[in-house]
There are 2 protein chains.
Amino acid sequence: MIITTFNVNSIRSRTDIVRLLIEKHNPEIIALQEIKCTPDLFPELIFPDYKCLVSGEKSYNGVAICTKLDSVHFENEFQDSLDQKRSLFVKFENFTLMNIYFPHGDLRNNDKFNYKLTFYKKLLKFLNENFTPDDPIVMLGDFNVALTDFDVYDPEILRDTIGTMPEEREALRELINFGLVDTYRHVHPTDPGFTWFSYIGGEVWKNNGMRIDYILVTRPLLDKIKRVEVDFSLRRRRTPKPSDHAPLLIEIDI
Amino acid sequence: MIITTFNVNSIRSRTDIVRLLIEKHNPEIIALQEIKCTPDLFPELIFPDYKCLVSGEKSYNGVAICTKLDSVHFENEFQDSLDQKRSLFVKFENFTLMNIYFPHGDLRNNDKFNYKLTFYKKLLKFLNENFTPDDPIVMLGDFNVALTDFDVYDPEILRDTIGTMPEEREALRELINFGLVDTYRHVHPTDPGFTWFSYIGGEVWKNNGMRIDYILVTRPLLDKIKRVEVDFSLRRRRTPKPSDHAPLLIEIDI
DNA sequence: GTGCGAAAGG
DNA sequence: CCTTTCGCAC
């Protein structure tokens, strides 16, 4: 089974690149972030073979899970505690999928920065109260944090910028310490695996990026992983218009 | 020689349809209205074989003349009396070309309505003071008036709407009475020859339009006309994105 | 319906 | 740089 996570930066302006993603990888599950629309405006037409679960608001945020698998049902408790549409948890037969768009944050001494850290804490609390590390969980999405200096193209240039600050990294580290494995880094200890490149200045052509999108799994799922990869080809192009994020894929036999 | 007039509704968002116009008719002169940009943003690249004279402002209005003919020079006196970029007069060797984007107007008891009528009067005054009906003049553009009830698809539905009001028609009639001939109607007394179709409701597919673009000439040029036609094919399509106006063409041996 | 542009978010 | 929304114009 192939699962992909992709921050689309508006699903309505990214229909062509998503069609390409489907055509190329034919994933069983597509988890999208930043769809930037309400469910009624979600372009289901581009997912003819999928069932789409959409949690979106106007203009900002919004997540969706499009899947070929049947008999799914929602977990809404965590999302219900939020004032923004940022998460969608689905229980499949053999595992729970958590699709999350973590807050962007901004810099320190800013309400948005505190909101981001609080978000991480709230999610960890929810995990501790409702799951154990022995449960089969796939948590993926845009975490808006580069875990270590190796996960950014230039730690000096990016020191103390959004996604690299110690407080943010600590928040992500604590979440992982619940009992999750960073699958891309697990499989690729030496490939940077950047998933985001600023639109400004053609950074993608110089591979000047950050690894801020992740697929995390609990240990029971670890030995089922066949492949984890970033599809740079869907970022490194001019047409169809790319998102600023590249899709991250996992092949896993659950 | 082929001369065309075309309200492009933004030249920057209409590069493909203009390229098609050139490819299809290869006109010696292209007169554009509503280019909606300043000269520095005018896409000269799509006119490799033409010299472009551009009179434009930001966002609104703006006219241009692109021509393969040499040794032209401007007449700016009329335009200089305006607060909006709506006209471009060029003296060619054997005739004067006047490219005009007349005000849209809006309904009665509106400043814009009065501005439109005043514009017509001012232009007529300028003509009387600087030209005679014996001078070779080609006046073309978007006049924003349908001269008679025959020039609209349904006079009842459109009674007292913009472009059909008696005051507007009288203003255009008086301008014509300077000594100009409505070439399309002269050549096609029984074809409606609509040049504008609302984007709303797919009116173009029902031929529900108005004839508000004209090529007028003084009598000395009348017997040189070979052909006058509206190219509906550049309006009646989905790609490249059409303007709401269709180009109007004249073949004339000046 | 379609265009522009300004402002906010990323 | 790129997206969304909004107001305005036609």
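Quick note: numbers below take in every heavy atom, side chains included, and nothing from hydrogens, waters or symmetry partners. Lettering follows sequence order; numbering is per chain, from 1.
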Exercise for review: Please identify each residue that fulfils salt bridge (Lys or Arg N to Asp or Glu O under 4.0 Å) with D231(B), with sequence neighbours left out.
Suggested key: K24(B)
Check your understanding: Partners of D151(B) by salt bridge (Lys or Arg N to Asp or Glu O under 4.0 Å), sequence neighbours excluded?
Key -> R185(B), R211(B)
Exercise for review: Return the set of residues passing salt bridge (Lys or Arg N to Asp or Glu O under 4.0 Å) with R169(A) (not counting sequence neighbours), or none when no residue passes.
Suggested key: D149(A)
Exercise for review: In whole angstrom, give the distance that lies between atom CZ of R235(B) and atom C1' of dT2(C).
Suggested key: 10 Å
Exercise for review: Kindly state whether the ring of F119(A) and the ring of F78(A) have centres lying under 6.0 angstrom apart.
Suggested key: yes
**Study point:** Range on DNA chain D touched by chain B, heavy atoms, distance below 4.0 Å
**Key:** dA9(D) to dC10(D)
**Study point:** W196(B) CH2 - dT2(C) P separation (whole Å)
**Key:** 13 Å
Exercise for review: For Y199(A) and for R12(A), find the nucleotide of DNA chain D with the closest heavy atom, then tell me which residue's nucleotide is more 5'.
Suggested key: Y199(A)
Study note, to complete from the structure: By nearest-nucleotide position on DNA chain D, the 5'-leaning member of P242(A) and L41(A) is P242(A)
**Study point:** Contact list for residues 110-123 of chain A, test salt bridge (charged side-chain N to carboxylate O under 4.0 Å, His left out), sequence neighbours left out
**Key:** K116(A)-E168(A)
**Study point:** Qualifying residues under side-chain hydrogen bond (donor to acceptor under 3.5 Å, both in side chains), relative to N109(A), sequence neighbours excluded
**Key:** none
Study note, to complete from the structure: S13(B) has its side chain closest, among dG1(C), dG9(C), dG3(C), to dG3(C)
Point to revise | Separation of atom NZ in K36(B) from atom C1' in dG1(C), rounded to whole Å | key: 11 Å
Practice item. Taking only heavy atoms on the protein side, list every residue of residues 163-170 of chain A lying under 4.0 Å from any atom of DNA chain C, sorted numerically. Key: none
Point to revise | R14(B) or N9(A), whichever maps to the more 5' nucleotide of DNA chain C | key: R14(B)
**Study point:** Any S59(B) side-chain nitrogen or oxygen under 4.0 Å from OP1 or OP2 of dG3(C)
**Key:** no
Review point. Starting at CD of E57(B) and ending at P of dG5(C), how long is that distance when rounded to a whole Å?
Key: 11 Å
Exercise for review: Take atom CG of N61(B) and atom C1' of dG3(C), then tell me their distance rounded to the nearest Å.
Suggested key: 13 Å
**Study point:** Rounded distance (Å) that lies between atom C1' of dT2(C) and atom CZ of F197(B)
**Key:** 17 Å
Exercise for review: Could you state the atom-to-atom distance from CD1 of I11(B) to C1' of dG3(C) in whole Å?
Suggested key: 13 Å
Exercise for review: Find the distance I200(A):CD1 to dG9(C):P and express it as a whole number of Å.
Suggested key: 16 Å
Point to revise | With Q84(A) via side-chain contact (heavy atoms from CB on, under 4.5 Å) - residues at least two apart | key: E57(A), N61(A), R86(A), Y115(A)
Review point. About how many Å separate CG of D142(A) and CG of L140(A), when rounded to the nearest 0.5 Å?
Key: 11.0 Å
Review point. Between K241(B) and dG3(C), does any side-chain N or O lie under 4.0 Å from OP1 or OP2?
Key: yes
Exercise for review: Not counting sequence neighbours, which residues clear side-chain hydrogen bond (donor to acceptor under 3.5 Å, both in side chains) with S87(B)? List them please.
Suggested key: Q79(B)
